Enquirer: 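Just dropping this structure here.
Remember, predicted model here, so these are calculated numbers, not experimental data.
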Amino acid sequence: MQRHLAPSLQWSTTFMVAMLILSACAPRPTSTLPIAQPELTDTSPVLPIATLPAPSLTPTPEKSPFLWVAPDVPAALRQAVSNIAGLKLVEQAEQATLILDQSDQQFSTELVQVAASQWIYALTAPFPTISDGVSFADLSAKWYGQAPETFPTVPLLMSEDTLHALTSRFGTPAVDQVSVLPEEEILDAAWKQQAWAIIPFEQIEPRWKVLQLDGQSPIHNDFVLSAYPLAINFKLSSDPDVSQFENLSSHLPASNRDPSRMTVLDMTGVTAMVRATATRMEQKGVLYPAEDIGSLLASADLTHISNEIPFAQDCPPPSPIFKGLLFCSSPNYIHLMEAVGTDLVEMTGNHFQDWGSAATLFTIDLYDQHGWPHYGGGRDLADAQKPLLIENHGNKLAFIGCNPVGPQFAWATPSQPGAAPCDFDLMHSQIQQLRAQGYLPIVTFQYYEYYSAEARPNQLIDYRGMVDAGAEIVSGSQAHIPQVMEFYQDGFIHYGLGNLFFDQMAYLNKDGVLIEGTRNGFIDRHVIYDGRYISTEL
């Protein structure tokens, strides 16, 4: 392929003829190098790079700011450069004075790189997928047709843009291992076929599960870009004489993933540092319950804890066989909340008034001293019903919570602290107002306790009603057995997360039935990016 770019100087006829002759005599590079087939056991994140012929640049009489975009450039990046004022898009590279393509492509040295962009792609699966990730060696084997057992037997799904980008980077895939669909059809097809897909980072949404590659995931805060194989570099190159576009780097997005615009939020279930939990803390140290999961919780940008029990200075020593249902925690136990990186505290629990108003107010004072804002309960009814507004990495989140269960003495009143009773009309109105102000509303319930996983009819009505009003995420903080979850309308609902720091084991209920499942629990890790809820990890 010959590429002709116009010069800014007038060339003599003799010199032009000589240059054309030299160009015609020069050997043309080819792309016939074979692409190596990686071994299944290969753990290297490097695949062979596909090469293209390097076109020669032949001067023509005058220069113009014409842009050619290679077919392997993703749609969002193509759109970004298309919007730069003064540039004209051309369909043929021979007409261009500016070229946007992968940085691995070897074109003429007469072109000068003026801007660069790095595009992140994600290996994804339908949300109800058990696997958390695969090795890059297995992905390579799938790409080349060796079909590892870790992958579904159906082809990988992707858009035509993504196929072009990955083919330019890694070579042509096996014909039966990739299926190309329009972007808007990939997610539904993946759910129907139980297929996996590769998509650009900007297309991640909650119904996808983002899979790790060699332990790396672009929705993690500890993401190591240099160790991630699905990062592709693009460059914008210019003829040196197109000087009016020297500032193009300020218009080209550096990447489709900006960690400064991402918020990772951990939502948790029941915390009640009493009874056998408290006894074990006394025996093995206050931080013992967080020994295995503390670093996970602390690594989030925002960590939510629903602590149902008040701290009290006169709280008696704990007992593992305590039979009453009036609870308190030693103030020393707040160090466990510190250790897991608590950032906000839900106060919808129905035990917060167990030790009286003085203990509840003392507990709120402790939270204030630690800089932990609270919601779903408070010093009085107005404080309890007030949404908690948080901005993190440019993302605006609003937390609202309530307790429909009681008992009545646990509810806040205009003159008494406690949990927020559920005023659904008020909450729906608050959600709508917050949504209009650019906040993503997150609603949590201290709901009725059910010792099985299914959601009950009234639970469906109340939780879904919050999504209908505009809530993005609805979460049950009450459940002692984890409950089901669903995508409803445009929201994510998890009806009950189960216990976090609480001592329940399998036990016989009042009817002599063995209750199991109380030792299971979820931490829901929600990812918010650039004002948009994009993902949940369980």
Side-chain angles (χ1 to χ4, degrees), residues 1-12 15-20 22-24 26-31 49-121 161-162 164-169 200-202 225 231-258:
M1 176 179 66
Q2 297 286 328
R3 180 170 300 149
H4 303 278
L5 301 178
S8 60
L9 301 175
Q10 297 297 324
W11 298 78
S12 69
F15 186 76
M16 181 177 294
V17 171
M19 290 297 292
L20 288 172
L22 288 172
S23 175
R28 293 172 61 84
T30 65
S31 57
I49 305 302
T51 59
L52 292 180
S56 59
L57 302 173
T58 304
T60 53
E62 60 183 57
K63 298 210 182 277
S64 300
F66 293 147
L67 171 66
W68 176 73
V69 180
D72 58 12
V73 174
L77 185 55
R78 184 184 302 118
Q79 184 62 41
V81 295
S82 300
N83 292 334
I84 299 175
L87 288 185
K88 299 178 181 179
L89 292 177
V90 294
E91 296 182 358
Q92 301 296 326
E94 292 87 345
Q95 303 168 326
T97 53
L98 293 163
I99 293 174
L100 179 62
D101 59 12
Q102 283 196 36
S103 60
D104 295 323
Q105 309 298 353
Q106 302 300 318
F107 288 121
S108 170
T109 56
E110 292 183 30
L111 295 177
V112 177
Q113 181 173 313
V114 293
S117 186
Q118 190 168 55
W119 230 246
I120 309 301
Y121 293 81
D161 276 348
T162 299
H164 280 310
L166 297 180
T167 299
S168 293
R169 178 70 175 84
F201 178 84
E202 70 271 16
L225 182 57
I232 299 181
N233 297 313
F234 295 88
K235 71 179 186 304
L236 184 63
S237 303
S238 168
D239 186 289
D241 291 333
V242 187
S243 58
Q244 66 267 44
F245 290 96
E246 291 177 350
N247 64 340
L248 281 173
S249 59
S250 63
H251 297 280
L252 196 71
S255 178
N256 61 340
R257 179 189 183 273
D258 180 354

Enquirer: Indicate the atoms forming the closest heavy-atom contact of R78 with P71, along with that distance.
Expert: NH2-O, 3.9 Å

Enquirer: Closest approach of S255 and W119, non-hydrogen atoms and distance?
Expert: C-CZ3, 3.9 Å

Enquirer: Any side-chain heavy atom of F234 within less than 4.5 Å of one from D72?
Expert: yes

Enquirer: So, do K235 and L100 sit near enough that their side-chain heavy atoms are less than 4.5 Å apart?
Expert: no

Enquirer: With side chains defined as the heavy atoms from C-beta onward, is the minimum distance between R257 and L225 less than 4.5 Å?
Expert: no

Enquirer: Once you round to the nearest 0.5 Å, how far does CG of L98 lie from CG of L89?
Expert: 10.5 Å

Enquirer: Measure the CD-CD1 distance between E202 and I120 for me, rounded to the nearest 0.5 Å.
Expert: 10.5 Å

Enquirer: Atom CD of Q102 and atom CG of L166: how far apart are they, to the nearest 0.5 Å?
Expert: 8.5 Å

Enquirer: Nearest 0.5 Å, what's the CG-CZ distance between N233 and R169?
Expert: 8.0 Å

Enquirer: Please check this pair: side chain of S117 against backbone of P253, looking for a donor-acceptor N/O pair closer than 3.5 Å.
Expert: yes

Enquirer: For T162 and P200, work out which heavy atoms get closest and say how close.
Expert: OG1-CD, 3.8 Å

Enquirer: What's the spacing between N256 CG and Y121 OH if we round to 0.5 Å?
Expert: 7.5 Å

Enquirer: Out of curiosity, L236 CG to L67 CG, how far, rounded to the nearest 0.5 Å?
Expert: 6.5 Å

